[in-house]
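Shown next, in structure tokens, is the structure this report addresses.
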Amino acid sequence: MVGNPRRESTDRRVRRTRKAVQQALIELVLEKGYEAVTVTDLINRADVGRSTFYAHFTDKQDVLFSNLDELSGLLRLAPAAAPDTLFAFSLPMFEHLHEQRRLARALLGRRGGSAVLARGEQILATVVRDELLAALPPRSTPPPSLDLLVTCVVGAFMALLRKWADGEITATPTEMDAAFRAVVTPGVETALAAGPGRP
């Protein structure tokens, strides 16, 4: 069965336009920081019309979130590939961001702004919570400390990621993953083993 050439051409054009605007955001964030970037800046840098921009995005935050949502997909795929490993997202995320250094620096470094940090933490918290719940024995009640555990794990991972993205830490993805796991995993496993009703 042959696909619709006109539809495929339109889909390619849509992907190209979205990618051009997303790339423009990354470049501009690296140049002057997220807070200083305007929609007009994005339109000029991506070389698209204003109506074209608004056909794909509602505002600059929507462009930002579309970039972060691509990372979110990676976070969700990793635990499925290694279901018996706590924080299976860690190494694949470090590896991906090592390959995409400009993206990492723009979105997760100091120039990314508070909106990036908040969205990144929100996405990661959902993944971490799901992993911790999946790690509990069947039919067991989540510990009262679950929210604290999620906050600690997300805080540790994001702090490492930001320092690494900004070049304040020099390490390989494997070393970053090992450091994260060494600090976080023993405490989380102890808290999960403590059972309900105990911190």
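Treat the numbers as computed from the prediction; the structure is a model and nothing was measured.
- For the pair S66 and R18, the tightest heavy-atom approach, listed with the atom from each and the gap, is CB-NH2, 3.7 Å.
- In this structure, T52 contributes its side chain and V48 its backbone to no donor-acceptor pair below 3.5 Å.
- R16 is not listed as a side-chain neighbour of K19, based on a closest heavy-atom distance of 4.5 Å or more.
- For residues 31-58, the set of pairs meeting the ring pair (Phe, Tyr, Trp, His ring centres under 6.0 Å) definition, not counting sequence neighbours, comprises F53-F57.
- Side-chain contact between L30 and R102 is present, with heavy atoms from C-beta onward closer than 4.5 Å.
- Here CD of E121 is found 9.0 Å from OG1 of T151. Values are rounded to the nearest 0.5 Å.
- By the criterion of side-chain heavy atoms lying less than 4.5 angstrom apart, applied directly or through intervening Ile, Leu, Val, Met, Phe, Trp or Tyr residues, L148 is not grouped with L192; the two fall into different hydrophobic clusters.
- With sequence neighbours excluded, the residues satisfying side-chain contact (heavy atoms from CB on, under 4.5 Å) with A36 are K32.
- The salt bridge (Lys or Arg N to Asp or Glu O under 4.0 Å) search around E27 returns R45, not counting sequence neighbours.
- Contact annotation: the side chain of F94 never approaches that of F89 to less than 4.5 Å [non-hydrogen atoms, C-beta and beyond].
- Every residue two or more places apart in sequence or in another chain that forms a salt bridge (Lys or Arg N to Asp or Glu O under 4.0 Å) with D166 is listed here: R110.
- With contacts defined as side-chain heavy-atom distances shorter than 4.5 Å, the pair L146/L133 qualifies.
- With sequence neighbours left out, R181 forms a side chain to side chain donor-acceptor pair (under 3.5 Å) with D177.
- Side-chain contact between I26 and Q23 is present, with at least one heavy-atom pair separated by less than 4.5 Å.
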task: Show the numbers, then the answer: is there a side-chain contact (heavy atoms from CB on, under 4.5 Å) between L132 and L86?
output: CA-CA 8 Å; L132 293 179; L86 266 181; 4.0 Å; yes

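- Between L28 and E31, some side-chain heavy-atom pair lies under the 4.5 Å cut-off.
- Contacts of E95 classified as side-chain contact (heavy atoms from CB on, under 4.5 Å), with partners at least two apart in sequence or in another chain: L91, P173.
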- request: Please assess R119 against L64 for the test side-chain contact (heavy atoms from CB on, under 4.5 Å), listing each intermediate value before the final yes or no.
  value: CA-CA 9 Å; R119 178 70 167 193; L64 170 70; 5.9 Å; no

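- Among residue pairs with one or both ends in residues 107-146, none qualify as ring pair (Phe, Tyr, Trp, His ring centres under 6.0 Å); sequence neighbours excluded.
- Annotation: side chain to side chain donor-acceptor pair (under 3.5 Å) contacts of T40 (sequence neighbours excluded): R50.
- Every residue was checked against the salt bridge (Lys or Arg N to Asp or Glu O under 4.0 Å) condition with D62, not counting sequence neighbours, and none meets it.
- Scanning all heavy atoms of the two residues, the minimum distance from A88 to P92 falls at O-CD, 3.1 Å.
- Partners of R101 according to the salt bridge (Lys or Arg N to Asp or Glu O under 4.0 Å) rule, which considers only residues two or more places apart in sequence or in another chain, do not exist here.
- The shortest distance between side-chain heavy atoms of L136 and P143 falls below 4.5 Å.
- At a threshold of 4.0 Å, the pair K60-D41 does not count as salt-bridged, since none of the basic side-chain nitrogens sits closer than that to a carboxylate oxygen.
- The two residues A104 and A165 have their closest heavy-atom pair at O-CB, 3.6 Å.
- Checked by atom type and distance alone, the side chain of E175 pairs as donor or acceptor with a backbone atom of T172 at under 3.5 Å.
- Take F87 and apply the ring-ring contact (aromatic ring centres under 6.0 Å, His included) test, not counting sequence neighbours, and it matches F180.
- A distance of 11.5 Å separates CD of E189 from CG of L149, quoted to the nearest 0.5 Å.
- Sorted by first and then second residue, the side-chain hydrogen bond (donor to acceptor under 3.5 Å, both in side chains) pairs with a member in residues 152-165 read K163-E168; sequence neighbours excluded.
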query: Do R129 and D147 pass the side-chain contact (heavy atoms from CB on, under 4.5 Å) test, and can you show the C-alpha distance, the side-chain angles, and the key distance before you say yes or no?
result: CA-CA 8 Å; R129 175 181 293 280; D147 287 339; 2.3 Å; yes

